[in-house]
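This is a predicted model, so every value here is computed, not measured. Each chain gets a letter, A, B and so on, in the order the sequences are listed, and its residues count up from 1.
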There are 2 protein chains.
Amino acid sequence: MGIIDRKQRQKEEVRASILDTAWQMVVSEGWQSFSIRKIADAIEYSVPVIYSHFENKDAILLEFNRKGFQLLADTLRKAKEGTSDPADQIRAMATAYWNFAFENKEYYQLMYGLGIPTCETVSKIPALVDFNEVVTSSLVAMVAPGKQPSFDPFLKYQSFWSMLHGLVSINMSALGHPIGQTDGQDKKEGKHDNLPRQVLDDVVCSFIRGIQAAENNH
Amino acid sequence: MGIIDRKQRQKEEVRASILDTAWQMVVSEGWQSFSIRKIADAIEYSVPVIYSHFENKDAILLEFNRKGFQLLADTLRKAKEGTSDPADQIRAMATAYWNFAFENKEYYQLMYGLGIPTCETVSKIPALVDFNEVVTSSLVAMVAPGKQPSFDPFLKYQSFWSMLHGLVSINMSALGHPIGQTDGQDKKEGKHDNLPRQVLDDVVCSFIRGIQAAENNH
DNA sequence: AATTTTGCCTAACACTGTTACAAAATGTAA
DNA sequence: TTACATTTTGTAACAGTGTTAGGCAAAATT
């Protein structure tokens, strides 16, 4: 009975084409033009077909959310493979995080921007655990075992994540741009050329020093 | 001719009632139920009346955006009035920022969440300059004049802001909650009770130390 | 060949922001 | 007070959105 097999395959194909087409539209036209009807038009099916694959619009967004966090976790994992020094791993992950955000703006905007994620949503994104583990493992590797009994990996994990997200979030919007400089009146000076990266380095540097300093004081 | 005077006053009243009613609805029902038609219903006018006061929906949002940033800047200004020590001022502003965000979730969600602010939007929020100045003035006061020639107040301002926003942003969503703990299986332990505040202290502390350490190394 | 099941589409419902146009209310002038 | 002009307001439409009920036709089963 290869018939139900073929049907299964065809159904999968439609589902994939929904996601592919939707993503393509988001990348080329932004989230504001993410619409069930437009997707239906593009895949040349009627609207209810989409609802036979996804419960509602949010379910499609959730799918992309999962992919996004999975991609982020994988990216960080790969980034820290280069070295075995925990501090270097932290630095590598920081720049990888930054690059991921700006190379996948659509993902990042979905993951943090569109709609405040609820507890239920978060529980449906297993890759968040991966993300947590990848970061935390480097953090615990930074402190010698036994020393720093007050060291809280989860706290440091949240600090690290918050720093990075804050940096990205503000720089991805126009809020991070210097104020009042509508046109580049003194572009040549360049003290603030590539400022965001400097801020990133600055913040990551003091984060790492914060952990190492506590190491020496105990 | 007090007639046009009275008309002016009445028009202002309607405008105010639009904003008041809209805000009331947002606070009680969230941003998802922010609708021109609902506002029109609530103020007992027809829809086009609203469009005679605001160009479109975004114009109303912009109004709240301005108020939000003005409120934030004022809050920080008041918070640092307590002390004259720059480091204490930074600390005070950090906690004030945190409190502002969670006491005015609707404002904060609008200011950073709903729609990525563009350059044009940012230029229409004058309070951003105030915010910048309030924070920066304490930052420059931290370093003795002459020392630290490489000290960049704008960079540190961005670091500070990013840290705070990242912290707030992640903790205001469900992303900041410990993973997998759907129900409070071990609530009594309490190592992570009030963790967000600890993270805030941790991050602010290392930020200040980062500036002070550079002071001593030059 | 008749019947059941499946897949699919049309059309509707209830919303949204926005606007053209007509009606009503108001002000001004004779 | 009446006639005209102006401003203010409401109705109703247009073009979208997410979502779903009902029916039709093709495919699979009996």
Side-chain angles (χ1 to χ4, degrees), chain A residues 1-19 21-23 25-26 28-65 110 113-116 118 120-121, chain B residues 1-19 21-23 25-26 28-65 110 113-116 118 120-121:
Chain A
M1 285 293 161
I3 288 174
I4 60 165
D5 228 36
R6 187 210 65 205
K7 285 197 174 178
Q8 183 74 19
R9 229 180 317 127
Q10 285 181 337
K11 208 164 171 73
E12 290 279 335
E13 268 172 35
V14 173
R15 190 192 143 94
S17 97
I18 290 174
L19 291 175
T21 308
W23 188 246
M25 286 168 54
V26 166
S28 68
E29 298 173 58
W31 282 110
Q32 112 285 353
S33 76
F34 175 78
S35 139
I36 299 275
R37 292 173 123 102
K38 284 182 188 164
I39 297 172
D41 254 30
I43 66 171
E44 293 177 309
Y45 274 97
S46 69
V47 171
V49 171
I50 293 180
Y51 283 89
S52 71
H53 288 90
F54 299 94
E55 193 185 347
N56 52 25
K57 192 179 181 178
D58 283 343
I60 306 181
L61 292 181
L62 179 62
E63 207 66 20
F64 289 129
N65 233 319
L110 170 65
L114 276 66
I116 305 99
T118 64
E120 301 129 79
T121 311
Chain B
M1 287 291 159
I3 288 174
I4 60 165
D5 227 37
R6 189 211 62 203
K7 284 196 175 179
Q8 183 74 20
R9 228 178 319 126
Q10 285 181 338
K11 210 167 171 68
E12 290 279 334
E13 269 173 35
V14 173
R15 190 191 142 95
S17 96
I18 290 174
L19 292 175
T21 307
W23 188 247
M25 285 168 54
V26 166
S28 68
E29 297 174 59
W31 282 110
Q32 113 283 354
S33 76
F34 176 78
S35 139
I36 301 274
R37 293 173 122 102
K38 284 182 188 166
I39 297 172
D41 254 30
I43 66 171
E44 294 177 306
Y45 275 96
S46 69
V47 170
V49 171
I50 293 181
Y51 282 89
S52 71
H53 289 89
F54 299 93
E55 194 185 348
N56 52 26
K57 192 179 179 178
D58 283 344
I60 306 181
L61 292 181
L62 179 62
E63 206 67 20
F64 288 129
N65 234 319
L110 170 65
L114 276 66
I116 305 97
T118 65
E120 302 129 77
T121 312

What residues, two or more places apart in sequence or in another chain, satisfy side chain to side chain donor-acceptor pair (under 3.5 Å) together with B:Thr21? none

Quick one: label B:Tyr51 by what it contacts on the DNA or RNA (base, sugar-phosphate, nothing), any heavy atom closer than 4.0 Å. base

Would you call A:Ile50 and A:Ile60 a side-chain contact if the rule is heavy atoms closer than 4.5 Å? yes

Partners meeting ring-ring contact (aromatic ring centres under 6.0 Å, His included) with A:Tyr51 (sequence neighbours left out): none

Rounded to the nearest 0.5 Å, how far apart are CG of B:Leu110 and CG of B:Leu61? 6.0 Å

Closest to side chain of A:Val47, choosing from C:dC9, D:dG10, D:dT20: D:dT20

Nucleic acid contacts of residues 52-59 of chain B, taken as heavy-atom distances under 4.0 Å to DNA chain C: B:Asn56, B:Lys57

Would you name the heavy atoms of A:Glu55 and A:Ala59 that are closest together and state the gap between them? N-CB, 4.0 Å

How does protein reach along nucleotides 20-27 of chain C, written 5' to 3' as B (base within reach of a heavy atom under 4.0 Å), S (only sugar-phosphate), or - (no contact)? B------S

Donor-acceptor list for residues 34-45 of chain B side chains, cut-off 3.5 Å, not counting sequence neighbours:
residue: B:Ser35; atom: OG; partner: B:Arg37; partner atom: N; Å: 3.2
residue: B:Ser35; atom: OG; partner: B:Lys38; partner atom: N; Å: 3.2

Going by ring-ring contact (aromatic ring centres under 6.0 Å, His included), name the residues that satisfy it together with A:Phe64, two or more places apart in sequence or in a different chain. A:Trp23

Axis-to-axis angle across the helix from C:dA1-D:dT30 to C:dA30-D:dT1, five pairs each end, nearest 10 degrees, ~ 30°

Roughly how far, to the nearest 0.5 Å, is the CD atom of A:Glu120 from the CG atom of A:Leu62? 11.0 Å

Tell me, which of residues 35-42 of chain A have any heavy atom that sits under 4.0 Å from an atom in DNA chain C? A:Arg37

What donor-acceptor contacts under 3.5 angstrom involve side-chain atoms of residues 9-17 of chain A, with partners at least two apart or in another chain?
residue: A:Arg15; atom: NH2; partner: A:Glu63; partner atom: OE2; Å: 3.0
residue: A:Ser17; atom: OG; partner: A:Val14; partner atom: O; Å: 3.1

